[in-house]
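Encoded as structure tokens, the structure appears first; notes follow it.
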Amino acid sequence: MTVLAVAEHRRGELRDVSHELVTAGRELADATDGDLHVAVVSGSVEEYADRLDRDGVDVIHTVAHGEEFNHDVYTQAVTQLAEEIDPTVLLMPQSVNGLDYAPAVANRVGLPLITDAVDLAYDDGLTATRELYGSKVETTIDSHADSTAVTIRPAEWPAAEGSGDATVEPFEATIDESAIRSTVTGFQEVGGGDVDISEADVLVSIGRGIEEEENLDLIRDLADTLDATLSASRPIVDNGWLPKNRQVGQSGKVVTPDVYIAIGISGAVQHVAGMKGADTIVAINDDPNAPIFDIADYGIVDDLFDVVPALIEGFES
Amino acid sequence: MKVLVTVKEVTAVDDEFEIDGLGIDDRYVTADLNEWDEYAVEEAVQLSESLDDVEVVTVTIGPSDAEETIRQALAKGADRAIRVWDDALDDDAMLDPATKARLLAAVAEQEDPDLILTGVQSADDSLGATGVTLADQLGTEWAAVVNALDLDAQAGVAHVHRELEGGVEELTDVELPAVLTIQTGINDPRYASLRGIRQAQSKELAEKTLADIGLDATALDSPIEQTALYEPESEGGATLYEGTPEETAGELAGLLAERGVGQ
Ligand SMILES: Cc1cc2nc3c(=O)[nH]c(=O)nc-3n(C[C@H](O)[C@H](O)[C@H](O)COP(=O)(O)OP(=O)(O)OC[C@H]3O[C@@H](n4cnc5c(N)ncnc54)[C@H](O)[C@@H]3O)c2cc1C
């Protein structure tokens, strides 16, 4: 079989998930002695092709058209390439841009789409593992189609290493300019301001478990007592209770403090993406099944409104 | 102008739960309106308040049990609702994005909206692909993960921000008609007023079968099949402190002091 994996880049940088796609693609191809093809669309495709040429890549298809990601260009280019190569599995990233073109490609090529896979296996057919209900349960999904589109969750597969000897083939996609009905006009950085939580040694981070804005004072007291910086999961920022620059996660800041104390935070994948690099992770959560306990080093399964006051008192004495 | 908002009743799973076949045992779930859809509904209602002659219609795929949840959107200002359901649809079966989009597209073709808003994803199965699949089935433009929307109805353009990873937003102009998948935080969803809740009871909530939207059971055929549901093995090597809050907090305080916290 053939696996086709589509690399991702943004503002001149190949993103980490690209080399993870190579690993996932190579594993699948190995299951049937097949070939791994990689595609890279827009930007400095030759330079990207060079960096994508890792161990196990057979062919790299480059589509030179435009600089930055545009979903109409990606959709057309990847659709044409997939129709030409007819891959058994078409791999794309479960990133914000992946979500913006993968469903359209799947629809045009007529492939079923399985998103956010955390594991893949091939044996007669493709089986994907994904998570449901905020990562509390896992499910396996079989595809009975000859060919299937999959987006993979970032940071689930290791990055491919070693240098390969792939053939680089420019692919002449026919891009219909009149079908490009959206235009990227620029980029904007958000979340600046007075504090930089990524500089903090100790973070006290609060999530939806705090319930009410008034209750934040309790967490501020804890942060003061521990001489720590206050950060939060997304819902706290969405609610306007703390500014954007306090948000940890995929769309917030990536933090690597010595100690990260997650309080009333479930540990959703987009949150964990921002804090899994902390040296010591402590979780306080009353749900023993909360996924945060999978990555925590220390934990207390209890009500935060009982534990936090006791912690303030315990630390002061 | 007409805005169609896709909404879904999602289930949240209790702290302790049991698995029943390919689903969660009903005793351990609570139903609610999908968090992302709340923001999509609010965005549509705000458009109807700031522009003249905007009708907000919600559409859901769900059994009659979902009606109470769907009325929440009517109570917050949506004008009417459509609920697609059919005997051929099974309560527990997983619908893949292509199937969901086929049903929603059939409704969209009847309604002919200028703008469709969906949530980025639903909180229970987190597929995150229905909105863009719907757009492409309809042949309209789209944008995924939108956290700011400025609609120029006259020019037929939506100026949006797409929230990328790492605190970067992409500024994009999208030609209408379009499907936008709405991210949390784009607005501040209102609470339904008592008056709104009362009014919602008399707003139209039309039930449609597959035949009503011009489809038959073959629309549900999918090559994707859910084969197992299980609790993942805990990867955690976490040390869990046990005892009263005073005891556990005391141990944690000791650990933190050891790590040099507060010095
Ligand atoms: C594209 C995209 C980007 C995203 N980016 C981010 C991001 O950057 N950062 C981010 O954080 N999220 C992000 N999210 C959202 C993410 O999916 C989750 O919805 C979010 O992280 C949940 O926050 P939470 O853990 O605070 O809330 P919940 O998941 O609701 O968890 C609350 C937790 O508190 C616990 N709890 C409740 N009451 C108590 C109590 N009294 N005592 C102890 N524990 C209690 C509960 O058991 C639960 O585990 C993103 C989502 C998408 C789709």
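Values in this document were obtained by computation on a predicted structure and should not be read as measured data. Naming convention: chains lettered A, B, ... in sequence-line order (proteins, then strands); numbering from 1 in each chain.
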Can you measure from [atom1] ([X]) to [atom2] ([Y]) and round to the nearest 0.5 angstrom?
X: Ile224(B); Y: Thr148(A); atom1: CD1; atom2: OG1; result: 6.5 Å
X: Thr172(B); Y: Asn70(A); atom1: OG1; atom2: CG; result: 8.0 Å
X: Leu171(B); Y: Phe187(A); atom1: CG; atom2: CZ; result: 9.0 Å
X: Asn97(A); Y: Glu170(B); atom1: CG; atom2: CD; result: 6.0 Å
X: Leu240(B); Y: Asp302(A); atom1: CG; atom2: CG; result: 11.5 Å
X: Glu231(B); Y: Asn289(A); atom1: CD; atom2: CG; result: 5.5 Å

Chain A contact via [X] - which portion, at a heavy-atom distance below 4.5 Å:
X: Gln121(B); result: side chain
X: Val261(B); result: both
X: Ile186(B); result: neither
X: His161(B); result: side chain
X: Asp125(B); result: both
X: Ala228(B); result: both

Name the member of [options] that forms the most heavy-atom pairs with chain B at distances under 4.5 Å.
options: Glu313(A), Arg181(A), His144(A), Gln250(A); result: Arg181(A)
options: Gly191(A), Gly314(A), Ser251(A); result: Ser251(A)
options: Asp116(A), Thr280(A), Asp258(A); result: Thr280(A)
options: Asp279(A), Asp306(A), Asn239(A), Leu226(A); result: Leu226(A)
options: Asp227(A), Thr115(A), Ile295(A); result: Thr115(A)
options: Tyr133(A), Phe293(A), Phe69(A); result: Tyr133(A)

I'd like to know which of [options] tops the heavy-atom pair count under 4.5 Å against chain A.
options: Glu242(B), Glu169(B), Glu141(B); value: Glu141(B)
options: Ala144(B), Gly260(B), Ala143(B); value: Ala144(B)
options: Gly243(B), Pro223(B), Ala257(B); value: Pro223(B)
options: Thr99(B), Thr140(B), Val120(B), Leu134(B); value: Thr140(B)
options: Ala101(B), Gly237(B), Ala253(B), Gly131(B); value: Ala253(B)
options: Val132(B), Asp173(B), Thr133(B); value: Asp173(B)

Any residue of residues 8-20 of chain B which, by heavy atoms, sits under 4.5 Å from chain A: Thr11(B), Val13(B), Asp14(B), Asp15(B), Glu16(B), Phe17(B), Ile19(B)
Residues of residues 32-40 of chain B with any heavy atom under 4.5 Å of a heavy atom in chain A: Glu35(B), Tyr39(B)
His71(A) vs Trp142(B) side-chain heavy atoms within contact, under 4.5 Å: yes
Side chain to side chain, Asn107(A) and Gln137(B), heavy atoms closer than 4.5 Å: yes
side-chain contact (heavy atoms from CB on, under 4.5 Å) between Asp136(B) and Arg108(A), worked out: CA-CA 8 Å; Asp136(B) 205 57; Arg108(A) 284 185 202 184; 2.6 Å; yes
Give, as side chain, backbone, both or neither, the part of [X] having an atom under 4.5 angstrom from any heavy atom of chain B.
X: Ser95(A); value: both
X: Leu126(A); value: neither
X: Pro288(A); value: side chain
X: Lys136(A); value: both
X: Val184(A); value: both
X: Ala179(A); value: backbone
X: Ile312(A); value: neither
X: Val282(A); value: side chain
X: Ser317(A); value: neither
X: Glu68(A); value: neither

Chi angles and distances behind the side-chain contact (heavy atoms from CB on, under 4.5 Å) call for Leu132(A), Leu229(B): CA-CA 9 Å; Leu132(A) 294 176; Leu229(B) 188 78; 3.6 Å; yes
Sole candidate of Thr129(A), Thr139(A), Val137(A) that passes side chain to side chain contact (heavy atoms under 4.5 Å, CB included) when paired with Tyr230(B): Thr129(A)
Where Ala238(B) and Ala296(A) come nearest, the two heavy atoms and their spacing: CB-O, 3.2 Å
Nearest heavy-atom neighbours spanning Gln94(A) and Leu127(B): NE2-O, 4.4 Å
Leu113(A) vs Asp96(B), side-chain contact (heavy atoms from CB on, under 4.5 Å): CA-CA, chis, key distance, verdict: CA-CA 8 Å; Leu113(A) 173 65; Asp96(B) 75 322; over 6 Å; no
Asp238(A)-Thr184(B) side chain donor-acceptor pair, cut-off 3.5 Å: yes
Modelled atom types, side-chain donor and acceptor of Thr227(B) and Thr140(A), under 3.5 Å: yes
CG/Asp146(A): more than 12 non-hydrogen atoms of other groups inside 6.0 Å: no
Residue pair Thr183(A), Glu175(B): steps toward the side-chain contact (heavy atoms from CB on, under 4.5 Å) verdict: CA-CA 9 Å; Thr183(A) 319; Glu175(B) 287 178 26; over 6 Å; no
Arg130(A) (side chain) donor-acceptor with Ser126(B) (main chain) under 3.5 angstrom: yes
Salt bridge Arg162(B)-Asp100(A), side-chain N to carboxylate O under 4.0 Å: yes
Verdict with supporting geometry, Glu165(B) and Arg11(A), salt bridge (Lys or Arg N to Asp or Glu O under 4.0 Å): CA-CA 12 Å; Glu165(B) 292 85 356; Arg11(A) 302 168 92 189; over 6 Å; no
